[in-house]
Amino acid sequence: MKFLLDTHTHTIASGHAYNTIIEMVEEASKKGLGILGITEHAPTMPGSCHEFYFQNLKAVDREYIKEKYNIELILGVELNLLDEKGTVDLPTRTIKGLDVTIASLHKPCFSSMGLEKNTEAVVSALKNPLIDIIGHPDDSRIPIRYEPVVKMAKEQGKLLEVNNSSLNPKGYRVGARENYKIMLELCKKYNQPVVVNSDAHFCTAVGNFANVEGLFEEVGFPEELVVNTSLEKFKTYIQKYKKK
């Protein structure tokens with residue numbers, strides 16, 4: 001399977017990642033990607049950047065990056081879900097100025113409220129027109145029910161992420177592989193697309209999807225439901241491009 005994009009990565013601005021935007025772009029270019037997404041953690045994450053960081057992304061010279069590296073750089077955010085209502089930690093006016101929005105359950109920002117309320121948080125986020133992707137819905141420490149999540153993603157035309165970092169045996173998320181097997185079977189059942197992302201916090205992880213590829217082979221997941229294989233297919237799920 002040919003992967004053409006990686007839309008969930010972090011730089012030093014997130015506080016616990018270790019490279020600059022240019023270093024991430026250089027790696028994406030080496031890997032032959034067409035789109036790279038930089039999605040810093042929103043402010044509730046300990047050590048991450050202030051709202052003003054996201055408001056000032058217009059300062060990034062993306063034409064220069066496109067000309068020098070042949071990479072379309074999209075700049076967004078990984079929002080933190082804060083409660084069962086799907087509340088996130090940037091105001092609407094700021095989110096509207098971004099290219100791509102991922103919403104995720106993170107242990108430092110969200111205390112598990114039980115299976116039903118955790119699921120409600122994700123389902124509510126999927127109903128939010130400002131959110132494009134649910135990030136790493138895979139951690140058994142914050143368990144969710146997958147069928148209502150997959151069905152709502154299908155209804156709302158949103159993407160569910162399969163996160164390569166979550167599948168790293170050295171990673172800290174719990175039960176990701178088994179949880180993804182459940183989610184992917186439901187995605188096959190409901191014809192729901194997924195996006196594969198590295199969640200890179202160091203440049204060499206950009207465009208590395210080896211853990212996900214092994215899982216896809218194991219469950220027989222169809223290539224046509226993986227939006228990474230087509231830049232245009234991916235863009236049909238992202239509000240920034242829908243507005244054009």
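Only heavy atoms go into these numbers, but all of them, side chains included; no hydrogens, no water, no symmetry mates. Residue numbers run from 1 in the order of the sequence given.
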**Asked** side-chain contact (heavy atoms from CB on, under 4.5 Å) between T236 and V227: does it pass, once the steps are laid out?
**Response** CA-CA 10 Å; T236 64; V227 300; over 6 Å; no
**Message:** Test side-chain hydrogen bond (donor to acceptor under 3.5 Å, both in side chains) on N118 and S112; report intermediate values, then the result.
**Reply:** CA-CA 6 Å; N118 296 344; S112 179; 2.9 Å; yes
**Message:** Would T92 and K96 count as a side-chain contact (heavy atoms from CB on, under 4.5 Å) here? Give the steps.
**Reply:** CA-CA 6 Å; T92 296; K96 283 184 174 179; 3.6 Å; yes
**Asked** Can I133 and Y237 be said to form a side-chain contact (heavy atoms from CB on, under 4.5 Å), step by step?
**Response** CA-CA 9 Å; I133 299 167; Y237 288 90; over 6 Å; no
**Request:** Begin from the C-alpha positions of K117 and E120 and carry the test salt bridge (charged side-chain N to carboxylate O under 4.0 Å, His left out) through to its verdict.
**Result:** CA-CA 5 Å; K117 287 193 174 182; E120 185 180 346; over 6 Å; no
**Request:** Check the pair E40, T11 against side-chain hydrogen bond (donor to acceptor under 3.5 Å, both in side chains), reporting the backbone distance first and the verdict last.
**Result:** CA-CA 7 Å; E40 308 298 2; T11 75; 2.4 Å; yes
**Request:** Go through the steps to decide whether D132 and L159 satisfy the test side-chain contact (heavy atoms from CB on, under 4.5 Å), and finish with yes or no.
**Result:** CA-CA 6 Å; D132 301 309; L159 291 171; over 6 Å; no
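Closest of all the heavy-atom pairs between R173 and D138 is CD-OD1, 3.3 Å. Nearest heavy-atom pair, S124 versus E84, reported as atom, atom and distance to 0.1 Å: OG-O, 3.4 Å. When all heavy atoms of F216 and V226 are compared, the closest pair comes out as CE1-CG2, 3.7 Å. When all heavy atoms of I134 and I102 are compared, the closest pair comes out as C-CG2, 4.4 Å. Across E51 and T94, no two heavy atoms sit closer than the pair OE2-OG1, 2.8 Å. The two residues M183 and P137 have their closest heavy-atom pair at SD-CG, 3.7 Å.
The closest donor-acceptor contact from the side chain of H50 to the backbone of F52 lies under 3.5 Å. Within the 3.5 Å criterion, the main-chain N or O of K158 finds a donor-acceptor partner in the side chain of Q192. When atom types are taken as modelled, the side chain of K31 and the backbone of V206 share a donor-acceptor pair closer than 3.5 angstrom. At distances below 3.5 Å, not a single donor-acceptor pair connects side-chain atoms of D199 with backbone N or O atoms of H8. At least one donor-acceptor pair closer than 3.5 Å links the side chain of H10 to the backbone N or O of T39. Between the side chain of N164 and the backbone N or O of V212 there is at least one donor-acceptor pair closer than 3.5 Å. The closest donor-acceptor contact from the side chain of K154 to the backbone of N191 lies under 3.5 Å.
Grouping Ile, Leu, Val, Met, Phe, Trp and Tyr residues whose side-chain heavy atoms lie under 4.5 Å apart, directly or via other members, places F202 in a hydrophobic cluster with Y18.
Under the side-chain contact (heavy atoms from CB on, under 4.5 Å) criterion, D89 pairs with A42, P43, T44, L79, N80, L82, not counting sequence neighbours.
Taking hydrophobic clusters as Ile, Leu, Val, Met, Phe, Trp and Tyr residues chained together by side-chain heavy-atom distances below 4.5 Å, V60 shares a cluster with V77. Cluster membership for F221 and M1, using ILVMFWY side-chain heavy atoms within less than 4.5 angstrom, is shared.
Proximity of M45 to E78: side-chain heavy atoms (C-beta onward) are nowhere separated by under 4.5 Å. Two residues are said to be in side-chain contact when any heavy atoms from C-beta on lie closer than 4.5 Å; I131 and L126 fail this criterion. Using a 4.5 Å heavy-atom cutoff, the side chains of D99 and I238 are not in contact. With a 4.5 Å cut-off on side-chain heavy atoms, Y180 and V219 do not count as touching. Using a 4.5 Å heavy-atom cutoff, the side chains of Y190 and E147 are in contact. Counting heavy atoms from C-beta outward, N228 and L4 have side chains that stay 4.5 Å or more apart. Annotation: side chain of Q239 is not in contact with side chain of L130 (no heavy-atom distance under 4.5 Å). For the pair L73/I21, a side-chain contact is recorded, criterion being any heavy-atom separation below 4.5 Å from C-beta on.
The CD1 atom of I74 sits 8.5 Å away from atom NZ of K235, with the distance rounded to the nearest 0.5 Å. Considering CG of L33 and CD of E72, their distance stands at 12.0 Å, rounded to 0.5 Å. Rounded to the nearest 0.5 Å, atoms CG (N70) and CD (E67) are 10.5 Å apart. Summarising the geometry, atom CG belonging to N168 is positioned 12.0 Å from atom OG belonging to S198; distances are rounded to the nearest 0.5 Å. To the nearest 0.5 Å, the span separating CG on D6 from CD1 on I38 amounts to 9.0 Å. To the nearest 0.5 Å, atom NZ of residue K68 and atom OG of residue S29 are 10.5 Å apart.
More than 12 heavy-atom neighbours from other residues, nucleotides or ligands sit within 6.0 angstrom of NZ on K107. Around the NZ atom of K233, the shell of radius 6.0 Å holds more than 12 heavy atoms that belong to other residues, nucleotides or ligands. Residue H16 qualifies as enclosed at atom NE2: its count of foreign heavy atoms under 6.0 Å is above 12.
Note: Y241 and F234 have perpendicular aromatic rings, judged against thresholds of 30 and 60 degrees for the angle between ring planes. Using bins of under 30°, 30° to 60° and over 60° for the plane-to-plane angle, the ring pair F209/F3 lands in the tilted bin.
Comment: D139 engages R141 in a salt bridge, judged by a side-chain N to carboxylate O separation of less than 4.0 angstrom. Salt bridge annotation for K181-E178: present, with a cationic side-chain nitrogen under 4.0 angstrom from a carboxylate oxygen.
The one candidate from K151, M152, R145 that meets the side-chain contact (heavy atoms from CB on, under 4.5 Å) condition with P148 is R145.
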